[in-house]
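Just passing along the structure, written as structure tokens.
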Amino acid sequence: MMSNPYRNLTPKEIDAMKSVGCSCKCWEDILVNTEFQAWEIERAFRNVIFSGTCRLGTFRKSFELPGGLIKPSGIRNATLHNVTVGNDCCIENIANYIANYEIGHDTLIENVDIIVVDRITRFGNGIEVAVLDETGGREVIITNRMSAQLAYMMTLYRHLQDLQDRLRKISLDYANAQSSDIGRIGNFVSIQNTGSIIAVKVGDHCVIKGAGKLKNGSINSNETAPVRIGYGVVAEDFIIASGTTVDDNTTVNRCFIGQSCTLGNGYSASNSLFFSNCLGKNGEACSIFAGPFTVTHHKSTLLIAGMFSFMNAGAGSSQSNHMYKLGPIHQGILERGAKTASDSYILWPSRVGAFSLVMGRHVTHSDTSGLPFSYLIEKNNTTFLVPGVNLKSVGTVRDAQKWPHRDKRKDPDRIDQVNYNLLSPYTIQKMFKGRKTLKNLQSASGMLTDVYSFHSAKIQNSALVKGIKYYETGIRKFLGNSLITRLQGMDFSKLAKENGTTVEEIIRKRLVPDYEIGSGEWVDLSGLIAPKSAVEALIVDIEAGKITGIDGINAVFQDMHRHYYDYEWTWAYDKIQEFFEIDMESITLDQVRSIVNQWKDAVIGLDKMLYEDARKEFSLASMTGFGADGSQEEKQMDFDQVRGAFESNPFVTAVVDHIAKKSALGDELLSRLG
């Protein structure tokens, strides 16, 4: 059994404490580290009022502050009540007091009003956040370990009452386990020039500088992913995950802020969830579910009662969640990758399909979830839908390329599972549905109809015809890519010879999926793309009590993410048979060659459309404002200096390189087929 690392002060040490202005009603309640030396008192203590039971470490190191100032560790001008202070801390100029806290080692706390735990608290765990519906009904119980996927199930699967009861119990059990009347401030923490910190748990290496008020929360900072809380921040009933920055007069109330998010520039958020790598500046959020990579950074932008992910909100974007009848009860969903243009407006309830762009003001309740990669354009108060056109947009592909590089999570424990794929079973299944929907419209209203009606939107004839083409191109690209990936690196002739069989038999055997999981519908659980059957199996296990903890649930999500490509092939295997009308069990070399050639045409065709879309950025119209006081030649020279030449643009060269690589990949497989 470990011996007690603390001892009482000696009479001489008590006298020394008194000589430097320190006082205490009962010095027997003041304990020091067994390695504490009397000489440290003169160096480290000035004007300290001790109360209750206090435990003190040693004070021998110094802090080097910005500008080169050296400040010795110690406790000066402070009142401590029931506080444990680790080794080599510096605590000074506390206007009121610090009460009921354990403070780690090498921590700096100065110029703070008050730090206190005044009751038994769960430090933000167990707070119910009224997400999507301000009036309640979809409350999410936040915890330190909540993932985007777990929150998705708690938010949207309300029809599964047994599941909700279990998730509520699991979350509250975790929250109750965090209950304490003693707070903790970790090691290597810096808290300076801050107002009040009430019932807040602060993790290691956290920096809090100039915050106004922090109340009832957890800041889950650590050495690999520190958290920074900056000037003027006011936060109440919150959880902040590792690697996050909240700065510059941001106000947060009843919010969960996930890993490596950034909120700043006066951002205001209430009853909202932000998951990994979200960015919120200047604007306002109310009752939103901000999945990974939700970005909004304009002053006039309001996000309210919506679910988003991989989303970029344009300046002045807003939504309405009530129609002045029963209050703010309406909600909406912008599926992954959806964008809003400047000054766009959506009247909830609405649902916008994946990777779609919303422009203008939309006052009808559209549901375009089955028509991904579309434009929603408002003209004369009417919503016009342009299906599939975003597949050939440079912006869409650029977004998909940048997300993996903008994942700022340094914490090795990544709580959210994030799939960045632009084309996946989730989006391709929607293309299958979209293609069918457009063909049914065409069949029902006639090939020569000028404008088709789809729910509350209009689709022009030319847009409908092109939409079918875009979706078929996307389907061919994805299915062909899956097939080529499955057959990659195989020497068919050699294997056929070794096994005494034919190349076709080798290919058929290789194409058989390794897993049964993957067939049927797929879902996007706020970043995690997974088979619905796998999610349903998890739900059954939760309802049956086989999984009883948050980390256990998150581990299953992690396993789904890890097996994504295995499950993807199972889905693609079925869809290749459906789309190309072939039997995979008897597939021939000619059929494989045909799929590869169609894939090459699809990839190169899309890349050429992207190439031409990128060229628009280098048109004469784009040069307006360049070389303002010069000739046309000087305008071109000014433009080239700023933007560079079209042929040398990094994205353009990447597209050209992609065409060459994909062509070579297809040709390489064709050569192996003989």
Side-chain angles (χ1 to χ4, degrees), residues 5 16-17 20-22 32-48 50 54-80 83-98 101-115 183-197 200-212 214 219-233 240 242-248 260 262 264 408 410-411:
M17 283 284 193
V20 293
C22 298
V32 293
N33 190 291
T34 52
E35 297 183 5
F36 183 88
Q37 299 291 323
W39 61 264
E40 297 178 44
I41 294 174
E42 176 64 29
R43 176 184 184 274
F45 291 86
R46 288 291 186 280
N47 304 322
V48 182
F50 294 104
C54 293
R55 298 176 178 85
L56 309 176
T58 58
F59 301 89
R60 298 171 186 176
K61 295 182 182 178
S62 296
F63 291 82
E64 184 175 354
L65 303 182
L69 176 67
I70 303 298
K71 179 170 289 190
S73 59
I75 306 174
R76 295 173 281 273
N77 304 319
T79 299
L80 305 184
V83 176
T84 297
V85 181
N87 293 337
D88 301 308
C89 290
C90 178
I91 301 173
E92 64 179 22
N93 301 328
I94 308 301
N96 279 293
Y97 58 90
I98 301 176
Y101 262 90
E102 294 178 355
I103 301 170
H105 60 80
D106 295 277
T107 284
L108 171 66
I109 302 174
E110 63 176 356
N111 302 325
V112 176
D113 181 17
I114 187 170
I115 301 176
R184 173 168 171 77
I185 296 172
N187 308 317
F188 297 99
V189 173
S190 177
I191 304 175
Q192 297 173 287
N193 308 316
T194 291
S196 59
I197 298 177
V200 175
K201 187 176 286 187
V202 182
D204 296 346
H205 293 266
C206 181
V207 175
I208 302 174
K209 186 171 289 189
L214 306 175
I219 303 173
N220 296 315
S221 180
N222 60 53
E223 183 178 1
T224 58
V227 172
R228 175 182 172 82
I229 309 296
Y231 288 96
V233 171
I240 295 175
S242 61
T244 283
T245 297
V246 182
D247 208 347
D248 299 332
S260 297
T262 299
K408 297 180 294 182
K410 296 180 180 178
D411 193 332

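A quick note: this is a predicted structure, and the numbers were derived from the prediction, not measured. Side-chain atoms are counted along with the backbone in the values below, which use heavy atoms only and exclude waters and symmetry mates. Residues: numbered from 1 along the sequence shown.
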Mind checking whether Ile185 and Ile115 have side chains closer than 4.5 Å, heavy atoms only? yes

Whether Phe59 and Phe45 hold their rings parallel, tilted or perpendicular, with breakpoints at 30° and 60°: perpendicular

Within a radius of less than 6.0 Å around NZ of Lys410, do more than 12 heavy atoms belonging to other residues, nucleotides or ligands occur? no

Evaluate the criterion side-chain hydrogen bond (donor to acceptor under 3.5 Å, both in side chains) for residue pair Asn187 and Asp106; output intermediate values, then yes/no. CA-CA 6 Å; Asn187 308 317; Asp106 295 277; over 6 Å; no

Rounded to the nearest 0.5 Å, how far apart are CD1 of Ile114 and OG of Ser196? 7.5 Å

Let me confirm one number: the OG1-CG distance from Thr224 to Asp204, rounded to the nearest 0.5 Å. 10.0 Å

Ignoring hydrogens and geometry, is there a side-chain-to-backbone donor-acceptor pair from Glu40 to Gln37 under 3.5 Å? yes

For the pair Thr194 (side chain) and Asn111 (backbone), establish whether a donor and an acceptor sit closer than 3.5 Å, ignoring hydrogens and angles. no

Just checking, is any N or O donor in the side chain of Asp113 or Asn96 under 3.5 Å from an acceptor N or O on the other one? yes

So how far is it from Arg228 CZ to Ser221 OG, rounded to the nearest 0.5 Å? 12.0 Å

Side chains of His205 and Val227, heavy atoms from C-beta outward: is any pair under 4.5 Å? no

Begin from the C-alpha positions of Val207 and Gln192 and carry the test side-chain contact (heavy atoms from CB on, under 4.5 Å) through to its verdict. CA-CA 8 Å; Val207 175; Gln192 297 173 287; 5.9 Å; no

Check whether Thr107 reaches the backbone of Val189 with its side chain - one donor and one acceptor, N or O, closer than 3.5 Å. yes

Do any N or O atoms from the side chain of Thr79 and from the backbone of Tyr97 form a donor-acceptor pair under 3.5 angstrom? no

With a 4.5 Å heavy-atom cut-off, do Val83 and Leu56 have their side chains touching? no

Arg60 and Asp88 ion-paired at < 4.0 Å: no

Can you tell me if Asn87 uses its side chain to pair, donor with acceptor, with the backbone of His105 under 3.5 Å? no

Can you give me the closest heavy-atom contact between Asn222 and Ala225, atom names plus distance? OD1-N, 2.8 Å

Run the side-chain contact (heavy atoms from CB on, under 4.5 Å) test on Ile91 and Ile103 for me, step by step, so that the C-alpha distance in whole Å, both residues' side-chain angles and the decisive distance to 0.1 Å come before the verdict. CA-CA 10 Å; Ile91 301 173; Ile103 301 170; 3.8 Å; yes

Closest non-hydrogen atoms of Ser73 and Arg43, given as atom of the first, atom of the second and distance, are OG-NH1, 3.6 Å

I need the minimum non-hydrogen distance between Ile229 and Leu214, along with the two atoms involved. CG2-CD2, 4.2 Å

Could you tell me the separation between the CZ atom of Phe36 and the OG1 atom of Thr58, rounded to the nearest 0.5 Å? 8.5 Å

Testing Val233, Ile191, Val112 for side chain to side chain contact (heavy atoms under 4.5 Å, CB included) with Ile208, which one passes? Ile191

Among Asn77, Asn47, Asn193, find the one that has a side chain to side chain donor-acceptor pair (under 3.5 Å) with Asn93. Asn77

Side-chain contact test, heavy atoms from C-beta onward, threshold under 4.5 Å: evaluate it for Val200 versus Tyr101 and give yes or no. yes

Audit row: Leu65, Leu108, side-chain contact (heavy atoms from CB on, under 4.5 Å) steps and yes/no: CA-CA 10 Å; Leu65 303 182; Leu108 171 66; 3.8 Å; yes

Where is the tightest heavy-atom contact between Cys89 and Gly104, given as atom of each residue plus distance? SG-O, 2.8 Å

Could you verify whether a donor N or O on one side chain and an acceptor N or O on the other, from Thr245 and Asp247, lie under 3.5 Å apart? no

For the side chain of Arg76 and the backbone of Ala44, is there at least one donor-acceptor N/O pair under 3.5 Å apart? yes

Determine yes or no for a side-chain-to-main-chain donor-acceptor pair under 3.5 angstrom, with Asp411 supplying the side chain and Ser242 the backbone. no

Asn220 versus Ile240: any side-chain heavy-atom pair under 4.5 Å? no

Nearest 0.5 Å please: distance from the OG atom of Ser62 over to the NZ atom of Lys71. 11.0 Å

